[in-house]
Amino acid sequence: MRFAIAGGTGRVGAHVVAVAEERGHEVVVLTRRTGVDVRSGTGIAEAIEAAHAVIDVLSISTQSAHASTAFFTETTRALLAAERAAGVPHHVALSIVGIDRASSYGYYTGKIAQERLVESGDVPWTILRATQFHEFSGQIYAAAKAGPLHLAPRMRTQPIAAREVAERLVDLAEAGPAGRVPDLAGPREESLVDMVRTYARATGHRGWIPSLPLPGAAGRAMREGALLPGRDAQLGKQTFAEWIAALRA
């Protein structure tokens, strides 16, 4: 099969490319390096010609609801329009567990807009919601800082290996449109504070990392477990501790 992957150079997208190629699929990555601007739509039509599915794992680094909504609205509309014109039979989108329960967090506003566009579009679709990746600990360690001091936000999470998310996305692309499928989460709940501190120690940091509550309704929702999966979620295998052990190896 031929898969076009939007965001194929990103944290999960690189795994999607690797998994698809390992299974013998033809893969095209939608990136500016290959002449494709997913936000403007430039080059998409040519890149997705004869594709059996487009897998959208695009992301943007922002906490702004306006910026997130603009990004996911523009990219999703451009992809769906090109897919409709090219006759692509399947659009697969990756989303996040619990975004409707913490919708006041800016980034999630854009993901909700993305889901609605996919669901209301003409292209047959599949949406997979996954929990945060194990790599989220490193992202927060790098981003949550006050001067030289690293911070650890309080949040209940059930992190999943990015590789396992990629495997599930390729499974879904192979199987055909399925609508909203069961959520995907890691095998056990973790504290983001502990994850950030563990990641820091594993990468050589020995300083104090204080915890802090994120403000507002979204911060409260995250502390109370709004982003945890429900009982019907499918669970991955690799624990955060196992991921850290592999990181240290």
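By convention here, the first residue in the shown sequence is residue 1.
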For residues 58-71, dump all side-chain donor-acceptor pairs below 3.5 Å to protein atoms at least two apart in sequence or in another chain.
residue : atom : partner : partner atom : Å
Ser59   : OG   : Tyr107  : OH           : 2.9
Thr62   : OG1  : Ser64   : N            : 3.0
Ser64   : OG   : His66   : N            : 3.3
Ser64   : OG   : Ala67   : N            : 3.1
Ser68   : OG   : Tyr107  : O            : 2.9
Ser68   : OG   : Gly110  : N            : 3.4
Thr69   : OG1  : Ala65   : O            : 2.8

N/O donor to acceptor pairs below 3.5 angstrom from side-chain atoms of residues 212-234, sequence neighbours left out:
residue : atom : partner : partner atom : Å
Arg223  : NH1  : Leu214  : O            : 2.8
Arg223  : NH1  : Gly219  : O            : 3.3
Gln234  : OE1  : Arg168  : NE           : 3.2

Taking distance alone, no hydrogens or angles, what donor-acceptor pairs closer than 3.5 Å link side-chain atoms of residues 14-24 to residues at least two apart or in another chain?
residue : atom : partner : partner atom : Å
Glu22   : OE1  : Arg163  : NH2          : 2.7
Glu22   : OE2  : Arg163  : NH1          : 3.4
Arg23   : NH1  : Asp171  : OD1          : 2.7
Arg23   : NH1  : Glu174  : OE1          : 3.1
Arg23   : NH1  : Glu174  : OE2          : 3.4
Arg23   : NH2  : Asp171  : OD1          : 3.1

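Between Glu189 and Arg156, at least one side-chain nitrogen of the basic residue sits less than 4.0 Å from a carboxylate oxygen of the acidic one, meeting the salt-bridge criterion. Salt-bridge annotation for Arg39 and Glu74: present, with a side-chain N of the basic residue lying under 4.0 Å from a carboxylate O of the acidic one. By the 4.0 Å N-to-carboxylate-O rule, Lys111 lies too far from Asp100 to be salt-bridged with it. Note on Asp37 versus Arg32: salt bridge recorded, some NZ/NE/NH1/NH2 to OD/OE distance being below 4.0 Å.
Ile55 contributes atom CD1, which lies 10.0 Å from atom NE2 of His91 (distance to the nearest 0.5 angstrom). Rounding to the nearest 0.5 Å places CD1 of Ile96 at 11.0 Å from CG of Leu128. Atoms CG and CZ, from Leu192 and Phe136 in turn, are 5.5 Å apart once rounded to the nearest 0.5 Å. Expressed to the nearest 0.5 Å, how far CD1 of Ile112 lies from CD1 of Ile99 amounts to 5.0 Å. From Ile44, atom CD1 reaches atom CD of Glu83 across 8.5 Å, with rounding to the nearest 0.5 Å. Considering OG1 of Thr239 and CD1 of Ile160, their distance stands at 11.0 Å, rounded to 0.5 Å.
In plain terms, the two heavy atoms of Thr126 and Gly176 that are nearest each other are OG1-O, 3.7 Å. For the residue pair Lys237 and Glu242, the shortest heavy atom distance occurs at O-OE1, 3.7 Å. Taking both residues in full, the closest heavy atoms of Gln158 and Gly186 are given as NE2-O, 2.9 Å, listed atom of the first, atom of the second, then distance. When every heavy atom of Gln114 is checked against every heavy atom of Leu94, the shortest pair comes out as OE1-O, 4.0 Å. What you find for Ala162 and Val12 is that their closest heavy atoms are O-CG2, 3.7 Å. Nearest approach of Ile140 to Pro153, heavy atoms of both residues: CG2-CD, 3.4 Å.
For Tyr199 and His134, the ring centers sit 6.0 Å or farther from each other. A centroid separation of 6.0 Å or more is found between the aromatic rings of His52 and His90.
Between Arg129 and Arg180, some side-chain heavy-atom pair lies under the 4.5 Å cut-off. Between Leu30 and Ile48 the shortest side-chain heavy-atom distance falls below 4.5 Å. Proximity of Pro159 to Trp243: side-chain heavy atoms (C-beta onward) are nowhere separated by under 4.5 Å. Within the 4.5 Å cutoff, no side-chain heavy atoms of Thr31 are placed close to those of Val36. For the pair Tyr108/Arg101, no side-chain contact is recorded, criterion being any heavy-atom separation below 4.5 Å from C-beta on. For the pair Val27/Ile5, a side-chain contact is recorded, criterion being any heavy-atom separation below 4.5 Å from C-beta on. Side-chain contact between Leu149 and Pro210 is present, with at least one heavy-atom pair separated by less than 4.5 Å. Contact of the Phe133 side chain with the Arg11 side chain is registered, since non-hydrogen atoms from C-beta on lie closer than 4.5 Å.
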message: Using the rule given for side-chain contact (heavy atoms from CB on, under 4.5 Å), can you reason through Ile209 versus His205, listing the C-alpha separation, both sets of side-chain angles and the distance that settles it, and then say yes or no?
response: CA-CA 9 Å; Ile209 300 180; His205 181 85; 3.8 Å; yes
field: Test log, rule side-chain contact (heavy atoms from CB on, under 4.5 Å), inputs Phe3 and Val28
entry: CA-CA 6 Å; Phe3 297 145; Val28 56; over 6 Å; no
message: As a quick check of understanding, evaluate side-chain contact (heavy atoms from CB on, under 4.5 Å) for Met155 and Val193, giving each step before the final call.
response: CA-CA 7 Å; Met155 173 180 168; Val193 171; over 6 Å; no
- request: Please step through side-chain contact (heavy atoms from CB on, under 4.5 Å) for the pair Ile127 and Val181, ending with a clear verdict.
  value: CA-CA 6 Å; Ile127 292 176; Val181 297; over 6 Å; no
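Transitive grouping of hydrophobic side chains (ILVMFWY, heavy atoms separated by less than 4.5 Å) brings Val170 and Met1 into a common cluster. Under the 4.5 Å side-chain heavy-atom criterion for grouping Ile, Leu, Val, Met, Phe, Trp and Tyr, Trp125 is not connected to Val92 through any hydrophobic cluster. Hydrophobic clustering places Met195 together with Ile244 (ILVMFWY residues linked when any side-chain heavy atoms are closer than 4.5 Å, directly or through intermediates). Grouping the Ile, Leu, Val, Met, Phe, Trp and Tyr side chains by contacts below 4.5 angstrom, directly or via other members, places Val118 apart from Leu169. No continuous path of ILVMFWY side-chain contacts below 4.5 Å connects Val123 to Leu172, so the two sit in separate hydrophobic clusters.
Formation of a donor-acceptor pair under 3.5 Å by the Arg154 side chain with backbone atoms of Ser191 is not found in this model. Proximity of a side-chain donor or acceptor of His150 to a complementary backbone N or O of Tyr141 within less than 3.5 Å is detected.
Crowding of Arg206 atom CZ: a count of heavy atoms from other residues, nucleotides or ligands under 6.0 Å exceeding 12. For Arg116, the CZ atom counts as loosely surrounded, since its 6.0 Å shell holds 12 or fewer non-hydrogen atoms of other residues, nucleotides or ligands.
If you check the side chains of Glu190 and Thr157, you find no donor sitting under 3.5 Å from an acceptor.
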